Amino acid sequence: QVQLQESGPGLVKPSQTLSLTCTVSGGSITANKYYWNWIRQAPGKGLEGIAYIGYDESTGVSPSLKSRTSISKDTSKNQFTLQLSSVTPEDTAVYYCAHYYGAVEGFGSWGQGTQVTVSS
């Protein structure tokens, strides 16, 4: 059973960089052909994919966020991290990390989500 837990600040000031870490338990982020995703949901909006990193260190970033987004993983800690720079109030959202099997199988486990508010 794969479990994911997000951690990071709940409040970030505009222009700062948001850093969020997802800790994975019950499975290795490198052992299987899985993809590890960051997704967010802003108030009144649907789910928005941000970025992913694969078991093979392949990565993908949403075109709308690419210039501000980086994703990485630390295999020794079984964690992966999102960095979103130059944040604005429009980045206020609940941020989730999630396990993705692939196009056929779809998503597996999700974290509970963490609220991030961008405000001065």
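Since the model is a prediction, treat every value here as computed from it, not as a measurement.
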Next on the checklist: Please give the remaining members of the hydrophobic cluster of Phe80, linking ILVMFWY side chains under 4.5 Å, ordered by chain and number.
Outcome noted: Val2, Leu4, Val12, Leu18, Leu20, Val24, Ile29, Tyr34, Trp36, Trp38, Ile50, Ile53, Leu65, Ile71, Leu82, Leu84, Val87, Tyr95, Tyr101, Val116, Val118
Is [Y] close to [X] at the side-chain level, that is, under 4.5 Å between some pair of heavy atoms?
X     : Y      : value
Tyr52 : Ser58  : yes
Asp91 : Arg68  : yes
Leu11 : Ser119 : yes

Nearest heavy atoms of [X] and [Y], plus distance in Å:
X      : Y      : result
Ala98  : Trp110 : CB-CD2, 3.7 Å
Glu48  : Ser64  : OE2-OG, 3.7 Å
Ser120 : Pro14  : N-CD, 3.6 Å
Gln112 : Glu6   : N-OE1, 3.4 Å

Item to check | Pairs meeting criterion disulfide bond (SG atoms under 2.5 Å apart) with involvement of residues 24-73, two or more places apart | outcome: none
Checklist entry - Which disulfide bond (SG atoms under 2.5 Å apart) pairs, counting each pair once, include a residue from residues 91-120, with sequence neighbours left out? => result Cys22-Cys97
How far does [atom1] of [X] sit from [atom2] of [Y], to the nearest 0.5 angstrom?
X     : Y     : atom1 : atom2 : value
Ser85 : Gln16 : OG    : CD    : 12.0 Å
Gln79 : Gln5  : CD    : CD    : 11.0 Å
Gln3  : Ser25 : CD    : OG    : 4.5 Å

Item to check | Verdict with reasoning, Tyr100 to Ile39, per side-chain contact (heavy atoms from CB on, under 4.5 Å) | outcome: CA-CA 11 Å; Tyr100 184 67; Ile39 302 155; over 6 Å; no
Checklist entry - If only atom types and distance count, is the side chain of Lys45 paired as donor or acceptor with the main-chain N or O of Arg40 below 3.5 Å? => result no
Next on the checklist: Assess, by modelled atom type and distance only, whether the side chains of Thr117 and Thr92 contain a donor and an acceptor separated by less than 3.5 Å.
Outcome noted: no
